[in-house]
*Asks:* 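The following block contains the structure, expressed as structure tokens.
Below, chain A is the first sequence line, B the second, and so on; all start at residue 1.
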Number of protein chains: 2
Amino acid sequence: MARAVRRSAGSPAPRSEDVARVAGVSRKTVSRVLNNEPYVSDAVRQRVLEAAEELGYRLNNAARALASGRTRSIGVVALGTAGYGTAMLLVGIEKAVRDAGYALRMVSTLDGEPDDIARAVDSLLEQGVDGIIVSEPIVEGEVPVRVDVPVLFLGAPPAFVSARTLTVGVGAYELARAATDHLLNLGHTTVHHLAGPGRWYASKDRVEGWRAALSARGAHEPPVIEGDWLPTSGYAAGRELAADSSVTAVFVAGDDMAVGMIHALREAGRSVPEDISVVGFDGNPVFAYVVPALTTVRQPFDAAAREGIRLLVHAIEEPETGLPPAGDPPVELVVRGSTAPPPARKAPIRGRRMASGSSGSAHAPPAGGGPPTTD
Amino acid sequence: MARAVRRSAGSPAPRSEDVARVAGVSRKTVSRVLNNEPYVSDAVRQRVLEAAEELGYRLNNAARALASGRTRSIGVVALGTAGYGTAMLLVGIEKAVRDAGYALRMVSTLDGEPDDIARAVDSLLEQGVDGIIVSEPIVEGEVPVRVDVPVLFLGAPPAFVSARTLTVGVGAYELARAATDHLLNLGHTTVHHLAGPGRWYASKDRVEGWRAALSARGAHEPPVIEGDWLPTSGYAAGRELAADSSVTAVFVAGDDMAVGMIHALREAGRSVPEDISVVGFDGNPVFAYVVPALTTVRQPFDAAAREGIRLLVHAIEEPETGLPPAGDPPVELVVRGSTAPPPARKAPIRGRRMASGSSGSAHAPPAGGGPPTTD
DNA sequence: GTGAAAGCGCTAACAC
DNA sequence: GTGTTAGCGCTTTCAC
């Protein structure tokens, strides 16, 4: 398909009327065929398709949208921070949107303040979209905008005054909990936490998962340290933590920060994982190749995107129906070399245990020796 | 702005006619004001703006596009590979597009085969775009599609039968050359190269830059090894190279692969940078925190995106005018710990030298000791 | 400076 | 199964 390079550059683009004339049918019949509507005989359908191909006809979406009131496109408000996670999510969203038969319009916003999000949503609405997906917003406070289309919040509670908002989690709470449990299961008496910026929902979920794991064991809860997702802030936090000899385990809210932290820890003479264990968050495969290979939890980007779009499309196409139930994505803990039992006492006999529902890949302890666990 | 949350959810969206009535003018005048056209008195302009605000009026872009023939949006064909580089470029493109007053439509394609690109371009054209930007396509062969709008190829030669194609490089050739020169300047007699997949233009440019640096010195050119951008392929190539005792320097076409390679090298008992130096490509800041910190070249993502969009928008808005000249983005070499003089003989006295036009940050040799060079 | 009329290319509702 | 008639909400052209 798309091989018909017929008409010369100068002539105006063919319209459905031209196709109708060539096929010897009415405009409406062309429309029926192009929209896969029933009640068209196969013979006519065939003729129309051939005529369209021959003319190099391409549907005019602006006209279609104007006439039908539907744009067949979905808008995404993405955060400008170009991390591994954000990128993976965006790609997942694009694919899910395309598979659902919609086009993607994208607006990114650096800051994610309510006003920024409002501006982004507004511009999407003006372009024309049938639904909006707001990806991991940093919100506090209500977003001041009027919306008539369904809006999906991915990884955050809704922040709109709208009858048609949806939410899909990205499993951050469960993942944070699994990461912390992993450390506790190794025998650490408590786990420190380097979080993302406090105003991000993505941070909050992880803090809560960590906190829940701690309190379920009655473990002492150390103060949260706050980073900014960048490796530099992990490095800074690592210097701080290295000075506290009671620290034996840290759950870090992002792989990049975790790598920065490990660097600072080792530089300060604390070895990882022998003295201090570190677990990251994201699942970037490259960190299987650093020393020590990073133990982390893998975010289910694709699953979250697919589920979110499924809900959103449902809300667009069948607003009346109740939403079908959603299955939770699996929690995946990837155990590599940056975690071990604490130095003082041995790990409990039962050894390593995966978090509930996990399918993590176990891996013989620390650095060097054999191809790393990459998957 | 966007604070006007007036009309109740049920009522139909206001049209320009409603605004005209409230402001006491004609529809055309409303259109003039909204499009910033001249010949409207300030008083009237003000009245119209107020009426629009009061009604919570939002322009209908489909209608505008249908009437004017322009959509005010630009489509991007992105590669589905969610690497650091791709993500950075995409974010840069989005911002540049928005700053130019256009909206972004995105289609990603996993494979980048000519047919995939054709399909992607076709779907963009159907949605309606005033211009298209194809980001680092993997092309060989001509893309079979008819296009009427300007198309910009970012980081690749044009692959279209179209009168209006543009190209903007991403500086890969120069960067590859600078990376290789850095190694040669350190005293290595030759430099091996781990490339990306042979069919990608992004790979070819880098191979050529490396080759040029080598031949400018009359250095022997070892066979190119081919990876797939993923760290695993760097690891595999590293195992191969480790077996060859003559290898002292490698230029790797991506940071992730470089990290994989270093891991394999060290695992095989070859130390980096003492035995073998490795330079990456991309400039992901997190690799300042691995051991050894990765020497790399930084891609000018934002500059390339801005320049590309500038050209594209110019081609859209003033098709007749000759294109304004483009300034080349600076070549940035980031010297960190993974490169050093070769083991056998000492480096030339003049020491390290930056590549032409570079602004790389020098950094005292290998691992551990002081915060890494991150910028 | 401002307005009236026409029409962009498609789909909706209904007739046949 | 298929065709006819009306718009969708804006910009254009040209008159005033």
Side-chain angles (χ1 to χ4, degrees), chain A residues 7 11-49 51-52 55-73 103 125-130 148 317, chain B residues 7 11-49 51-52 55-73 103 125-130 148 317:
Chain A
R7 77 194 178 65
S11 57
R15 298 164 303 140
S16 74
E17 184 169 357
D18 301 321
V19 177
R21 188 169 358 85
V22 171
V25 297
S26 74
R27 242 157 81 230
K28 177 58 203 175
T29 296
V30 172
S31 169
R32 283 202 181 90
V33 172
L34 266 25
N35 289 300
N36 270 316
E37 286 172 23
Y39 304 123
V40 179
S41 71
D42 281 357
V44 169
R45 189 177 294 275
Q46 198 54 36
R47 276 217 315 279
V48 170
L49 258 16
L55 294 170
Y57 172 74
R58 202 140 43 200
L59 207 138
N60 180 325
N61 199 50
R64 188 223 281 261
L66 181 56
S68 69
R70 291 192 41 203
T71 64
R72 303 199 184 203
S73 68
L125 252 19
E126 194 159 291
Q127 289 174 55
V129 290
D130 295 341
D148 296 305
E317 299 180 352
Chain B
R7 78 197 177 65
S11 57
R15 298 165 303 142
S16 73
E17 184 169 357
D18 301 321
V19 177
R21 188 168 359 86
V22 170
V25 297
S26 74
R27 242 156 80 231
K28 174 59 205 175
T29 297
V30 172
S31 170
R32 282 204 182 89
V33 171
L34 265 25
N35 289 300
N36 270 315
E37 286 172 22
Y39 304 122
V40 179
S41 70
D42 281 356
V44 169
R45 188 178 296 275
Q46 197 54 38
R47 274 215 320 277
V48 170
L49 258 16
L55 293 170
Y57 172 73
R58 201 141 41 199
L59 204 137
N60 180 327
N61 199 50
R64 189 224 280 263
L66 180 56
S68 70
R70 291 192 41 204
T71 64
R72 304 198 183 200
S73 66
L125 252 18
E126 196 158 290
Q127 287 173 56
V129 290
D130 295 341
D148 296 305
E317 298 179 353

*Asks:* Could you go through R21(B) and V30(B), starting from their C-alpha distance and side-chain angles, then the distance that decides it, and tell me whether this counts as side chain to side chain contact (heavy atoms under 4.5 Å, CB included)?
*Replies:* CA-CA 10 Å; R21(B) 188 168 359 86; V30(B) 172; over 6 Å; no
*Asks:* Nearest to the side chain of R32(A), which nucleotide is it out of dT2(D), dT11(C), dT12(D)?
*Replies:* dT2(D)
*Asks:* Just compare dG7(C), dG3(D), dG9(C) and give me whichever is closest to any side-chain atom of N60(A).
*Replies:* dG9(C)
*Asks:* Starting at atom CZ of R27(B), determine the distance to atom P of dT11(D), rounded to an integer number of angstrom.
*Replies:* 10 Å
*Asks:* Whole Å only: how far is the CD atom of Q127(A) from the C1' atom of dC10(D)?
*Replies:* 17 Å
*Asks:* Just how far, in rounded Å, is P of dT11(C) from CD of E37(A)?
*Replies:* 8 Å
*Asks:* Of the nucleotides dG9(C), dT11(C), dT2(C), which one has an atom closest to the side chain of L66(B)?
*Replies:* dG9(C)
*Asks:* Using a strict threshold of under 4.0 Å (side-chain N to carboxylate O), is an ion pair present between E126(B) and R64(A)?
*Replies:* no
*Asks:* May I ask you to say what N35(B) touches in the nucleic acid, namely base, sugar-phosphate or nothing, with a heavy-atom cut-off under 4.0 Å?
*Replies:* sugar-phosphate
*Asks:* Can you give me the closest heavy-atom contact between R47(A) and V25(A), atom names plus distance?
*Replies:* NH2-CG1, 3.7 Å
*Asks:* Reckon S31(A) has a side-chain N or O less than 4.0 Å from the OP1 or OP2 of dC10(C)?
*Replies:* no
*Asks:* Take atom CZ of R47(A) and atom C1' of dG1(D), then tell me their distance rounded to the nearest Å.
*Replies:* 12 Å
*Asks:* Which nucleotide, dT11(C), dG9(D), dA6(C), lies nearest any side-chain atom of K28(A)?
*Replies:* dT11(C)
*Asks:* In whole angstrom, what separates D42(A)'s CG from dT2(D)'s C1'?
*Replies:* 15 Å
*Asks:* Specify the separation, in whole Å, of atom CZ of R70(A) and atom C1' of dC10(C).
*Replies:* 15 Å
*Asks:* Donor-acceptor pair, distance only, cut-off 3.5 Å: does the side chain of S73(A) make one with the backbone of G128(A)?
*Replies:* yes
*Asks:* Let's see if you can work this out: which of dC10(C), dG3(C), dG9(D) has an atom nearest to the side-chain heavy atoms of A63(B)?
*Replies:* dG9(D)
*Asks:* Any side-chain heavy atom of R32(A) within less than 4.5 Å of one from T29(A)?
*Replies:* yes
*Asks:* What is the separation between atom CG on N61(A) and atom C1' on dG9(C), rounded to the nearest whole Å?
*Replies:* 11 Å
*Asks:* The side chain of S68(A) lies closest to which of these nucleotides: dC8(D), dT11(D), dA12(C)?
*Replies:* dA12(C)
*Asks:* Which listed nucleotide (dC10(D), dG1(D), dA12(C)) is nearest to the side chain of Y39(A)?
*Replies:* dG1(D)
*Asks:* Does dG1(C) have OP1 or OP2 under 4.0 Å away from a side-chain N or O of S41(B)?
*Replies:* no
*Asks:* Nearest to the side chain of V25(A) - dT2(C), dG7(C), dG3(D)?
*Replies:* dG3(D)
*Asks:* Would you mind reading off the distance between R21(B) atom CZ and dG9(D) atom P, rounded to a whole angstrom?
*Replies:* 13 Å
*Asks:* Choose from dC10(D), dG3(D), dC10(C) the nucleotide whose nearest atom is closest to any side-chain atom of L59(B).
*Replies:* dC10(D)
*Asks:* Are the side chains of L55(A) and R15(A) in touch, meaning some heavy atoms are under 4.5 Å apart?
*Replies:* no
*Asks:* From the set dG3(C), dT11(C), dT2(D), return the single nucleotide nearest to any side-chain atom of T29(A).
*Replies:* dT2(D)
